[in-house]
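Report on the following structure.
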There are 2 protein chains.
Amino acid sequence: MTQSSGDFTAMFRDLSQRHGLACTHQRQVIYQALVTAKDHPTPEAIYESVRARIPSISLGTVYKNIKTFLEAGMLNEVSLHHGSLRLDARLEPHHHLVCRVCRNIVDLDEPDVAPASYTGRLPRGFRLERQNVEFIGICASCAKQQSSLTT
Amino acid sequence: MTQSSGDFTAMFRDLSQRHGLACTHQRQVIYQALVTAKDHPTPEAIYESVRARIPSISLGTVYKNIKTFLEAGMLNEVSLHHGSLRLDARLEPHHHLVCRVCRNIVDLDEPDVAPASYTGRLPRGFRLERQNVEFIGICASCAKQQSSLTT
DNA sequence: CATTACACGATAATTATTATCGTTTGTCAA
DNA sequence: TTGACAAACGATAATAATTATCGTGTAATG
């Protein structure tokens with residue numbers, strides 16, 4: 001146990017250094033909660049889990065560090081469209097092209113998309129109905145802005 | 001003008017009847033704002049747009065009717081995962097299987113998924129980086145609950 | 001081991017969404 | 001038509017999710 005938790009500590013120290021982040025106890029425990037979660041937890045769920053090990057931690061700290069991890073690329077969000085509901089009145093099946101920076105969405109017509117396929121096994125009793133494909137990248141105007149930041 | 005708006009009114013009256021919804025002026029204007037929106041608007045954006053035609057409308061009415069349209073299947077949400085942020089610490093590319101009712105997420109390994117492909121033209125300057133595929137359906141336990149409701 | 005910038009915890013503020021409630025309006029049948 | 005009733009409306013309060021602020025504490029660096 002000392003062994004494996006020691007390994008994780010060393011790994012996380014190294015990971016933090018590579019991303020230019022201070023290696024704090026809170027961060028380590030939050031990160032461990034994230035990587036060991038089997039489901040796709042919410043910040044609130046991480047907060048609950050971390051509280052078992054650091055009862056005094058603040059919810060704000062959990063949010064702040066999750067954001068830090070996201071910006072550092074140590075973590076992903078399941079959807080680019082949480083936060084505010086976005087609506088789509090086109091009922092015909094179609095797909096989306098999304099800019100990962102400004103999160104603007106462009107419709108792609110169904111006939112231009114060859115669907116993905118899954119060859120593995122589905123969970124028992126799951127009835128598959130459709131699929132959503134999101135093509136993700138960076139749009140022209142966001143790319144221009146980002147390159148001007150690095151010069 | 002009288003012609004086309006009359007067409008829409010008649011169409012919407014019919015649509016409402018088919019879904020068992022009262023055909024109110026507010027609903028018609030909200031629905032028209034939704035179908036004519038080129039982007040994928042938020043409830044707030046719809047509210048702003050509708051206010052130009054019905055200055056006295058309440059934001060709550062817009063939310064309520066959007067929810068009504070969603071439940072009736074007259075409208076879709078862009079993502080099943082808005083509302084609360086959901087996190088994913090798996091950095092390797094992989095895809096998701098989602099139950100449209102309980103919105104639980106199961107990871108699908110990348111090797112089991114043959115990706116989609118897009119044969120159309122991308123917007124000028126858009127740099128495509130990756131794709132997210134969401135396989136959507138209904139899980140065993142939600143299917144059981146729904147069938148027990150109809151019996 | 002002292003300095004300093006960054007992180008922490010507490011808490012207030014903001015944003016997004018839902019609920020409540022009294023009034024108004026669409027629907028349906030007489 | 002019109003009158004009854006259920007459903008929808010507008011105003012507003014309440015809740016949920018997230019972000020900002022600020023004084024104190026601690027990791028990194030030399």
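Keep in mind that this is a model prediction, so the values were computed, not measured. Below, all heavy atoms of this structure are taken into account, side chains as well, without hydrogens, waters or symmetry copies.
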Interatomic distance where NE2 belongs to B:His19 and C1' belongs to D:dA7 [whole Å]:
18 Å
Tabulated below should be each protein N or O lying under 3.5 Å from an N or O of nucleotides 14-16 of chain D; please produce it.
none

Given atom CG of B:Asp14 and atom C1' of C:dG26, what is their separation to the nearest angstrom?
17 Å
Is there a side chain to side chain contact (heavy atoms under 4.5 Å, CB included) between A:Leu97 and B:Leu122 once you walk through the steps?
CA-CA 9 Å; A:Leu97 181 69; B:Leu122 291 175; 3.9 Å; yes
Kindly determine whether B:Tyr31 and B:Phe8 satisfy side chain to side chain contact (heavy atoms under 4.5 Å, CB included), including the steps that lead there.
CA-CA 10 Å; B:Tyr31 189 72; B:Phe8 185 82; 3.9 Å; yes
Quick one, give me the B/S/- string for nucleotides 17-30 of chain D, reading 5' to 3', where B means a protein heavy atom under 4.0 Å from the base and S means that only happens at the primed atoms, P, OP1 or OP2.
SSB-------SS--
Whole angstrom is fine here: how far is it from CD1 in B:Ile54 over to P in D:dA8?
15 Å
Residue-phosphate contact under 4.0 Å: A:Thr61 side-chain N/O, C:dG9 OP1/OP2
yes
Qualifying residue for side-chain contact (heavy atoms from CB on, under 4.5 Å) with A:Leu34, from A:Val50, A:Asn65, A:Ile46, A:Val29:
A:Ile46
Show me, pair by pair, the donor-acceptor contacts under 3.5 angstrom made by side chains of residues 124-136 of chain A, not counting sequence neighbours?
unit_1   : atom_1 : unit_2   : atom_2 : d
A:Glu129 : OE1    : B:Arg100 : NE     : 2.7
A:Glu129 : OE2    : B:Arg100 : NH2    : 3.0
A:Gln131 : OE1    : A:Ala116 : N      : 2.8
A:Gln131 : NE2    : A:Ala116 : O      : 3.0
A:Glu134 : OE2    : A:His81  : NE2    : 2.7

Rounded to whole Å, the NE2-C1' distance (A:His81 to C:dA16) equals 18 Å
Rounded to the nearest 0.5 angstrom, the OG-CG distance for A:Ser79 and B:Asp88 is 11.5 Å
Distance from A:Glu44 atom CD to B:Ser84 atom OG, nearest 0.5 Å?
8.0 Å
Less than 3.5 Å apart, which donor and acceptor atoms pair up between the side chains of residues 104-112 of chain A and the rest of the protein, not counting sequence neighbours?
unit_1   : atom_1 : unit_2  : atom_2 : d
A:Asp107 : OD1    : A:His96 : NE2    : 3.2
A:Asp107 : OD1    : B:His40 : NE2    : 2.8
A:Asp107 : OD2    : A:Arg90 : NH1    : 3.4
A:Asp109 : OD1    : A:Arg90 : NH2    : 3.2
A:Glu110 : OE1    : A:His95 : NE2    : 3.2

When rounded to whole Å, the CD1 to C1' distance for the pair A:Ile30 and C:dC8 reads 10 Å
Can you confirm whether more than 12 heavy atoms, excluding those of B:Arg13, are under 6.0 Å from its CZ atom?
no
Is any side-chain heavy atom of B:Thr42 less than 4.5 Å from a side-chain heavy atom of A:Leu87?
no
Atom-to-atom span, OH of A:Tyr47 to P of C:dG9 - whole angstrom
9 Å
Nearest whole Å is fine: how far is C:dA7 C1' from A:Ile66 CD1?
16 Å
Which angle, rounded to 10°, do you find between the first-five-pair axis and the last-five-pair axis of the helix from C:dC1-D:dG30 to C:dA30-D:dT1?
50°
Using whole Å, what does the distance between atom P of nucleotide D:dT12 and atom CD1 of B:Ile57 come to?
16 Å
With the side chain counted from C-beta on, respond yes when B:Cys139 and B:Cys102 share a heavy-atom pair under 4.5 Å apart, and no when they do not.
yes
Please tabulate, for the side chains in residues 18-25 of chain B, all donor-acceptor contacts under 3.5 angstrom to protein atoms that are two or more places apart in sequence or on a different chain.
unit_1  : atom_1 : unit_2  : atom_2 : d
B:Arg18 : NH1    : B:Asp14 : OD2    : 2.5
B:His19 : ND1    : B:Ala72 : O      : 3.4
B:Thr24 : OG1    : B:Arg27 : N      : 3.1

